[in-house]
Amino acid sequence: MPWRYERAASGSSAHVFGAEISYGILRNGQIGLELPLAAVDHGAETTWGLAGLRAFGLYNFTTESGSWPAVSLRADLAMPVGANGGDATRGGMQVLATRSFGAQRIHANLSAAAGPDDGALVESLPRWSAGLAIDRTFIRESLLLIGEMYALRHATDEPTQAMVSIGARWQLTPTLVVDGGVGRRLSNAGPDVTVTFGLSHAFAVSALLPSVQRAPAPGRPR
């Protein structure tokens, strides 16, 4: 359940509530859906509505071994659903790599998307993006601090955005994680300030189903 706030130099702002669920369909892979709800303030009026529907899948091809990083591939399909969801479907691929150095890890992500410019007000799938980040764990790996820099372009006729951000993640329990961060643009384009907050919960599907009482085997006492 992530929430994000963006404020632009023009005075416009947006609140995005990006409800997301994913399922580990394979040992090293998952599929998921994201259905964000956004409130976009243009100054004179505020537009409420869904900001598209996104389906995604991720597969971890390798884990860290020797000098090799962990590498994953993610596929996204963004569909125009809702008042803030744009008017075109776009698909994209992203490569994610992670390498650990003691308590630190370095991350490198690179993505590209194909399809017409979607015109989405928020949550647009970027035409391309590239980012670098470093994180460090503390307190028996329950606390993680991270800093990142990235660049992206949403549409072919828009300028490139460059951002820097810092954040933290705290694992409250083995299945409950809370995170937050703040960001600032480095380029002339992009939001002046971004603030994020998220809550993640992992659970087993079997925990949602009623327990089944098996019939005793023949000849055994009840």
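Below, all heavy atoms of this structure are taken into account, side chains as well, without hydrogens, waters or symmetry copies.
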**Item:** Derivation of the side chain to side chain contact (heavy atoms under 4.5 Å, CB included) call for Thr98 and His107
**Value:** CA-CA 5 Å; Thr98 296; His107 311 270; 2.9 Å; yes
**Request:** Using the side chain to side chain contact (heavy atoms under 4.5 Å, CB included) rule, take Thr156 and Arg127 through it: C-alpha gap first, then chi angles, then the decisive distance, then the call.
**Result:** CA-CA 7 Å; Thr156 54; Arg127 179 67 66 185; 3.8 Å; yes
**Request:** Could you give me the CA-CA distance, side-chain angles and deciding distance for Phe56 and Arg74, then say whether side chain to side chain contact (heavy atoms under 4.5 Å, CB included) is met?
**Result:** CA-CA 7 Å; Phe56 63 88; Arg74 171 172 168 144; 3.6 Å; yes
**Message:** If you apply the rule side chain to side chain contact (heavy atoms under 4.5 Å, CB included), what do you find for Leu50 with Asn84, and how did you get there?
**Reply:** CA-CA 6 Å; Leu50 293 175; Asn84 295 316; over 6 Å; no
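Linking Ile, Leu, Val, Met, Phe, Trp and Tyr residues whenever their side-chain heavy atoms come within less than 4.5 Å places Trp3 and Val178 in a single cluster. Following chains of ILVMFWY side-chain contacts shorter than 4.5 Å, one cannot reach Ile31 starting from Leu33, and the two form parts of different hydrophobic clusters. In the hydrophobic clustering of ILVMFWY residues, with side-chain heavy atoms under 4.5 Å counting as a link, Val195 and Phe17 come out together. One hydrophobic cluster holds both Val182 and Leu199 under the rule that ILVMFWY side chains link at heavy-atom gaps under 4.5 Å.
Looking at Asp192 and Arg7, no side-chain N of the basic residue comes within less than 4.0 Å of a carboxylate O on the acidic one, giving no salt bridge.
What you find for Glu64 and Ala70 is that their closest heavy atoms are CG-N, 3.6 Å. Heavy atoms only, all atoms of each residue included: Pro159 and Ala189 are closest at CG-CB, 3.5 Å. Nearest heavy-atom pair across Arg90 and Ala113 is CD-CB, 3.5 Å. Between Trp48 and Ala83, the shortest heavy-atom contact is O-CB, 3.8 Å. Contact detail for Gly86 and Pro80: the closest heavy-atom pair is O-CB, 3.5 Å. Here the shortest heavy-atom pairing between Asp87 and Asp117 reads OD1-O, 4.1 Å.
In this structure, Thr173 contributes its side chain and Leu176 its backbone to a donor-acceptor pair below 3.5 Å. In this structure, the side chain of Thr196 engages the main chain of Gly181 through a donor-acceptor pair within 3.5 Å. For the pair His201 (side chain) and Thr175 (backbone), a donor-acceptor distance under 3.5 Å is present.
Taking the side chain as every heavy atom from C-beta outward, Arg169 and Leu143 never approach each other to under 4.5 Å. Looking at Tyr23 and Gln30, their side chains never come closer than 4.5 Å, going by heavy atoms from C-beta outward. A 4.5 Å side-chain heavy-atom check between Thr89 and Leu77 finds at least one atom pair inside the cut-off.
Defined by atom type and a distance below 3.5 Å, a donor-acceptor pair is missing between the side-chain atoms of Ser129 and Asn109. Side-chain contact of His42 with Ser12: a donor-acceptor pair under 3.5 Å is absent, judged by distance alone. Looking at Ser187 and Gln161, their side chains never bring a donor and an acceptor atom within 3.5 Å of each other. Arg153 and Thr160 are linked by a side-chain donor-acceptor pair at a separation below 3.5 angstrom, with hydrogens and angles left out of the test.
The structure places CG of Leu145 at 9.0 Å from CD1 of Ile166, a figure rounded to the nearest 0.5 Å. Note: Thr194 OG1 to Met163 CE = 4.5 Å, rounded to the nearest 0.5 Å. Atoms OG and CG, from Ser142 and Leu172 in turn, are 9.0 Å apart once rounded to the nearest 0.5 Å. Atom CG of Leu125 sits about 9.0 Å away from atom CD of Gln94, to the nearest 0.5 Å. Taken to the nearest 0.5 Å, the CG atom of Leu144 stands 10.0 Å off from the CD atom of Gln171. The structure places CG of Leu152 at 7.0 Å from CH2 of Trp128, a figure rounded to the nearest 0.5 Å.
Under the 30°/60° scheme for interplanar angles, the aromatic rings of Tyr59 and Phe61 are found to stand perpendicular.
For Asn188, the CG atom sits in a loose shell: 12 or fewer heavy atoms of surrounding residues, nucleotides or ligands are nearer than 6.0 Å. Counting heavy-atom neighbours within 6.0 Å of Met93 CE, excluding the residue itself, gives a total above 12. The number of heavy atoms from other shown groups lying within 6.0 Å of CE (Met149) does not exceed 12.
Within the cation-pi definition used here (under 6.0 Å to the ring centroid, within 45° of the axis), Arg99 qualifies as a partner of Phe101. For the pair Arg4 and Phe197, the cation does not sit on the ring face, since its NZ or CZ is not both under 6.0 Å from the ring centre and inside 45° of the axis.
When each of Asn60, Leu58, Val95, Leu96 is checked for a side-chain contact (heavy atoms from CB on, under 4.5 Å) with Leu73, only Val95 meets the rule.
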